[in-house]
Amino acid sequence: MSIGHTLLGLLESGPRHGYDLKRAFDERFGHDRPLHYGQVYATMSRLLKNGLVEVDGVETDGGPERKRYAITEAGITDVAAWLAQPEKPEPYLQSTLYTKVVLALLTGRDAADLLDSQRSEHLRLMRILTDRKRRGDLADQLICDHALFHLEADLRWLELTSARLGRLAEVVAP
Amino acid sequence: MTPAGSLLAAHGLHKSYGSNSALDGASFSVHPGEVVAVMGPSGSGKSTLLHCLAGIITPDAGTVTYGGRELSTMSDAERSALRRTDFGFVFQFGRLVPELTGVENVALPLRLNGVKRREAERTALEWMRRLEVEDLAAQRPGEMSGGQGQRMAVARALVASPKVVFADEPTGALDSLNGERVMELLTESARTAGTAVVLVTHEARVAAYSDRDVAVRDGRCRDLAYAV
Ligand SMILES: Nc1ncnc2c1ncn2[C@@H]1O[C@H](COP(=O)(O)OP(=O)(O)OP(=O)(O)O)[C@@H](O)[C@H]1O
Ligand SMILES: [Mg+2]
């Protein structure tokens, strides 16, 4: 993920301090991997140098001085261009799940068993996400839905594979 | 052979249609207030299992025990009385009565149980409010969207405070957002009222609203949560 573009995008709704930006980022996008302060300040000084943000004010109420950043016109254009650029679809061709299923098939094991136990395992996580979604705010709902649909896709592929396999077995069975 | 504390339990169910075996030794149980998802490939016997559990069809062999009583020892009249008083049903397509209005449809289970019209419709409206369809009280099913009809069907399934709701693909005809809303309302209402739900679905996101999942394959059930 482009941290620079994400921080820029967060600035579009109004100027913020560095620590405020970090908090907004962690809340929406950093569920499992919060940003380090160092990352934020390094990113902001790069954006500053490239003219995508400007310093909107400096506060020094006793403690260390805190810069408030604002996005520039060039920054807004940069965010718009980033959003308009389609993401490369992730190919998902290296997953362990895929490898296991293919190996199970190659060695004559039952794909249905694999499906049933994997589904239970997937559902365990899906229940947690569903619960979090139910209690959470819009940001929680969006992130949990994203994960839930991907987990469901794994299972649908497994289901299809196991159904295909059943047919295949019928065809080759004597 | 009823698991301790279960409300409804089946043991060793067999059911054949001609030479076609739909259930082949299926066992299942659900506790009061528990939501159990039943999953498995098409034709594996999920609907047949659900119909046996609800006493709609009689298995060739095996037992279904509800509240300590075996369904096979009851008369047909007793079984249909039990379905009216203790069970609620939601199917893939609402199956509302087309000639009746929304509120009349939802009030129907209460009316069949002998509740007076005013009282029945008052309770029906309360459930319709919970399922966010109280505005459609005077509308007939033909004038409702699929999602609205399905919420109406959920209200009808819950209106008589059943002990068990049987739901066979309740979100099958809905889009993701409506399906999610129906599941939220169904499971939340069921949990609040302590109603058990037997939920047949092929969608994992729908099954994720359950407390436990069971896989049906070739007419048998596998409970993987306990197998681990
Ligand atoms: N009334 C019936 N007459 C004859 N065969 C039936 C009848 N009902 C079900 N079967 C057969 O029993 C088997 C199990 O059917 P069932 O409807 O229980 O499957 P299911 O798991 O609910 O499938 P689906 O996911 O497609 O709804 C199938 O082979 C089906 O053809
Ligand atoms: Mg079915």
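Side-chain atoms are counted along with the backbone in the values below, which use heavy atoms only and exclude waters and symmetry mates. Quick note on labels: first sequence line is chain A, next is B, and so on, each numbered from 1.
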Asker: At a 4.5 Å cut-off on heavy atoms, which part of B/Glu203 comes close to chain A: side chain, backbone, both, or neither?
Answerer: both

Asker: I'd like to know if B/Arg217 pairs up with A/Asp113 as an ion pair, taking the criterion as any Lys NZ or Arg NE/NH1/NH2 lying under 4.0 Å from an Asp or Glu carboxylate oxygen.
Answerer: no

Asker: Would you mind checking which part of B/Ser44 comes under 4.5 Å of any heavy atom in chain A, side chain (CB onward), backbone (N, CA, C, O), both or neither?
Answerer: neither

Asker: Hey, is CZ on A/Arg28 packed in by over 12 heavy atoms from elsewhere, all under 6.0 Å?
Answerer: no

Asker: Sort A/Leu115 into side chain, backbone, both or neither according to what part of it lies under 4.5 angstrom from a heavy atom of chain B.
Answerer: side chain

Asker: Could you report the tightest heavy-atom contact between B/Ala208 and A/Leu123, atom names first, then the distance?
Answerer: N-CD2, 3.9 Å

Asker: Counting only heavy atoms not in B/Asn178 (residues, nucleotides, ligands), do more than 12 fall under 6.0 Å from its CG?
Answerer: yes

Asker: Measuring heavy-atom distances to chain B, does A/Leu148 have an atom under 4.5 Å in its side chain, in its backbone, in both, or in neither?
Answerer: both

Asker: To the nearest 0.5 Å, what is the distance between CZ (B/Arg205) and SG (A/Cys144)?
Answerer: 13.0 Å

Asker: Residues two or more places apart in sequence or in another chain: which of them pass side-chain hydrogen bond (donor to acceptor under 3.5 Å, both in side chains) with B/Arg220?
Answerer: none

Asker: How about CD on B/Glu188, more than 12 heavy atoms from neighbouring residues, nucleotides or ligands closer than 6.0 Å, or not?
Answerer: no

Asker: Atom CZ of residue position B/Arg191 - does it have more than 12 heavy atoms of other residues, nucleotides or ligands inside 6.0 Å?
Answerer: yes

Asker: Give me the atom names and distance for the closest heavy-atom approach of B/Met39 to A/Arg119.
Answerer: SD-CD, 3.6 Å

Asker: Taking everything shown except B/Leu177 itself, do over 12 heavy atoms lie less than 6.0 Å from its CG?
Answerer: no

Asker: Drop me the distance from B/Arg222's CZ to A/Ser120's OG, to the nearest 0.5 angstrom.
Answerer: 9.0 Å

Asker: Around atom NZ of B/Lys15, are there more than 12 heavy atoms of other residues, nucleotides or ligands at under 6.0 Å?
Answerer: yes

Asker: Do any of residues 129-141 of chain A have a heavy atom less than 4.5 Å from a heavy atom of chain B, and if so, which, in residue order?
Answerer: A/Thr130, A/Lys133, A/Arg134

Asker: At a 4.5 Å cut-off on heavy atoms, which part of B/Ser42 comes close to chain A: side chain, backbone, both, or neither?
Answerer: neither

Asker: In the structure I gave you, are the side-chain heavy atoms of A/Arg127 and B/Ser210 within less than 4.5 Å of one another anywhere?
Answerer: yes

